[in-house]
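These notes are about the structure you will find just below.
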Amino acid sequence: MKSPITNIFSLNKSYVKQFQQSLLNWYSENKRTLPWRLNQDPYRVWVSEIMLQQTRVDTVIPYFERFTTLFPTLQDLADADEEQVLKAWEGLGYYSRVRNLQTAVKEVCAAYGGKVPKDPREISSLKGVGPYTAGAVLSIAYGIPEPAVDGNVMRVLSRILLIEEDISKPKTRLVFESAVRELISHEDPSSFNQGLMELGALICTPKSPACLLCPMRELCKGFEAGKQNELPVKLGKTKVRKANMAAGIIVGSDGRVLIHKRSSEGLLANMWEFPNTEYIQAKKDAETNALAEYVEENIFAKAIFDEKTGYIEHVFSHLKWEINVWQGKLTSESEKLPAEWRWATVAELENYPFPVSHQKIIRLVKEAIFV
DNA sequence: TAGCCGTGGGC
DNA sequence: TGCCCAAGGCT
């Protein structure tokens with residue numbers, strides 16, 4: 001009787017062998033030269049895998065170069081100031097990735113002598129290291145035959161093996177991990193896992209896969225059934241909530257502007273921003289009242305906003321900000337600014353990590369102050 | 001489990 | 001333009 005876990009696909013030996021040969025040959029001929037493929041330094045592999053989460057290769061490349069120049073070793077990153085680390089991540093999005101990475105790197109220094117652990121349980125226990133990243137680092141840096149199932153792998157294998165389960169469900173990943181455990185090359189797990197992803201990036205793409213160029217075509221049950229364009233099955237879809245926001249460019253008598261560091265949790269954690277608040281679109285002056293109330297509650301000073309200087313839209317994965325930007329000033333000086341609040345000159349804004357939504361406001365600040 | 005968590009490119 | 005999409009993880 002076959003094990004329900006390790007052999008659920010009943011793939012015969014010759015199929016597995018052909019699968020490995022075709023994939024590994026294709027990968028060795030077609031793999032891209034990428035900065036994180038220059039060596040197998042576990043730290044660099046790790047950094048690249050975190051950056052590549054939900055992010056395109058072309059976007060990551062310059063960030064990876066800059067980041068590894070700034071923080072060449074695991075120890076350098078562990079010792080760095082969080083603000084400097086966030087600044088290096090500015091514009092990449094999903095900022096908790098890099099805060100978790102730094103937490104994890106400190107943990108590796110403290111508990112594992114600065115060496116990225118090779119044990120699946122240990123590496124998986126690190127902050128921000130989930131099933132995919134664990135498998136990717138273990139296989140790529142250490143040559144350990146662990147599955148690294150990401151969106152590419154699910155798409156590619158759903159087609160090749162004709163798996164019609166909904167990949168938007170978390171449990172479905174386990175099905176693909178089982179498949180990879182059957183298929184993976186124990187001679188070269190690194191190239192096998194990367195080959196699967198590279199195939200997904202270059203040939204077996206989400207829309208109009210290049211089946212005629214595919215090295216796996218003869219092994220592909222999806223192609224054989226003519227279902228390559230129907231796979232993978234992906235049902236889940238979340239709607240984007242709209243939020244009415246008002247933001248204030250508050251200019252002090254010396255020309256500096258007021259900025260605020262966001263909380264350490266939730267959206268854009270620990271990033272800087274201009275004072276802003278969500279308001280309910282109900283009565284007259286709702287925006288400026290809400291904004292003045294927000295300012296007073298936070299820095300205990302009264303503010304007025306008399307000129308609307310711009311409108312900005314910013315779309316997140318699950319949220320859309322529609323921001324009216326107002327120019328204003330304090331009518332009573334606040335004695336001492338609370339922690340997380342600061343007056344900054346326009347030049348000094350460059351030193352703080354701002355999310356892209358507020359970088360748009362910086363442009364308005366420059367217009368407001370220099371024009 | 002499903003919602004939260006960013007951004008920019010492509011069509 | 002308004003979607004969908006890209007080497008996920010956390011809660």
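Everything quoted here is computed from the prediction, not taken from an experiment. In the text below, chain A, chain B and the rest are named by the order of the sequence lines, each starting its count at 1.
When the P atom is compared between dT1(C) and dG6(B), the two are found 25 Å apart, to the nearest whole Å. The gap from the P atom of dG9(C) to that of dG8(B) amounts to 22 Å, rounded to the nearest Å. The same atom, P, is picked in dG2(C) and in dC5(B); the two are 24 Å apart, to the nearest Å.
The distance from atom CG of Leu92(A) to atom P of dG9(B) is 13 Å, rounded to the nearest whole Å. Taking atom CE of Met51(A) as the reference point, atom C1' of dG8(C) lies 15 Å away to the nearest angstrom. Put simply, NZ on Lys320(A) is 15 Å from C1' on dT7(B), counting in whole angstrom units. Protein atom CZ of Arg99(A) is 18 Å distant from nucleotide atom P of dC4(B), rounded to whole Å. Rounded to whole Å, the distance from CG on Asp166(A) to P on dT1(B) is 11 Å. Between the CD1 atom of Ile61(A) and the P atom of dT7(B) there is a distance of 20 Å, given to the nearest Å. Between the P atom of dG8(B) and the CD atom of Glu90(A) lies a distance of 10 Å, rounded to the nearest Å. Protein atom CG of Asn229(A) is 13 Å distant from nucleotide atom P of dC5(C), rounded to whole Å.
Contact annotation: side chain of Ser357(A) to base of dG6(B), donor-acceptor pair absent below 3.5 Å. Ser317(A) contributes a side-chain N or O that forms a donor-acceptor pair with the base of dG6(B) under 3.5 Å. In this model, a side-chain donor or acceptor of Arg56(A) finds a partner on the base of dC5(C) within 3.5 Å.
Salt bridge status for Glu177(A) with Arg173(A): present, with a side-chain N to carboxylate O gap under 4.0 Å. The pair Lys87(A)-Glu90(A) counts as a salt bridge, with a side-chain nitrogen and a carboxylate oxygen less than 4.0 angstrom apart. A salt bridge between Arg37(A) and Glu198(A) is present, with a side-chain N of the basic residue lying under 4.0 Å from a carboxylate O of the acidic one.
In this model, the phosphate group of dG6(B) is not approached by any side-chain N or O of His314(A) to a distance below 4.0 Å at OP1 or OP2. Distances shorter than 4.0 Å separate some side-chain N or O of His318(A) from OP1 or OP2 on dC5(B). Checking the phosphate oxygens (OP1, OP2) of dT7(B), a side-chain nitrogen or oxygen of Tyr95(A) falls inside 4.0 Å. Residue Thr133(A) places at least one side-chain N or O under 4.0 Å from the OP1 or OP2 atom of dG9(C).
Residues Glu313(A) and Gly151(A) both approach DNA chain C. Their nearest nucleotides, taken by heavy-atom distance, put Glu313(A) toward the 5′ side. Judged by closest nucleotide on DNA chain B, Arg241(A) is the one of Arg241(A) and Val356(A) placed further toward the 5' end.
At a threshold of 4.0 angstrom between heavy atoms, the contacts of Lys171(A) are confined to the sugar-phosphate backbone, with no base atom among them. Across all strands, Ile140(A) comes closer than 4.0 Å to no nucleic acid atom at all (heavy-atom distances). Here Val153(A) lies out of heavy-atom contact (under 4.0 Å) with every strand. Residue Arg32(A) is classed as a base contact, given a heavy-atom separation below 4.0 Å to a base. Counting non-hydrogen atoms under 4.0 angstrom, Trp321(A) reaches nothing in the nucleic acid. Residue contacts shown for Leu268(A) are limited to sugar-phosphate atoms, with no base heavy atom under 4.0 Å away. Among the protein residues, Gly91(A) comes within range of the sugar-phosphate backbone only, with heavy atoms under 4.0 Å from sugar or phosphate atoms but none that close to a base. Using a 4.0 Å heavy-atom distance criterion, Gly236(A) is classed as making no nucleic acid contact.
Put simply, CD1 on Ile184(A) and CZ on Phe192(A) are 6.0 Å apart, with the number rounded to the nearest 0.5 Å. Here the CD atom belonging to Glu313(A) is positioned 12.5 Å from the OG atom belonging to Ser357(A), to the nearest 0.5 angstrom. Between the CD atom of Glu187(A) and the OG atom of Ser185(A) there is a distance of 4.5 Å, given to the nearest 0.5 Å.
Here the side chain of Leu267(A) is nearest to one of dG9(C), dT1(B), dG6(B), namely dG6(B).
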Donor-acceptor pairs under 3.5 Å, side chain of residues 91-110 of chain A to any protein atom, not counting sequence neighbours: which ones?
from	atom 1	to	atom 2	distance (Å)
Tyr94(A)	OH	Ser317(A)	OG	3.4
Tyr95(A)	OH	Gly91(A)	N	3.1
Arg97(A)	NE	Tyr94(A)	O	3.3
Arg97(A)	NH1	Ile50(A)	O	3.0
Arg97(A)	NH1	Met51(A)	O	3.0
Arg97(A)	NH1	Gln53(A)	O	2.9
Arg97(A)	NH1	Thr55(A)	OG1	3.2
Arg97(A)	NH2	Leu92(A)	O	3.3
Arg97(A)	NH2	Gly93(A)	O	3.0
Arg99(A)	NH2	Ser264(A)	O	3.0
Asn100(A)	ND2	Ser96(A)	O	3.2
Gln102(A)	NE2	Leu77(A)	O	3.0
Gln102(A)	NE2	Ala80(A)	O	2.8
Thr103(A)	OG1	Arg99(A)	O	3.0
Lys106(A)	NZ	Ala78(A)	O	3.1

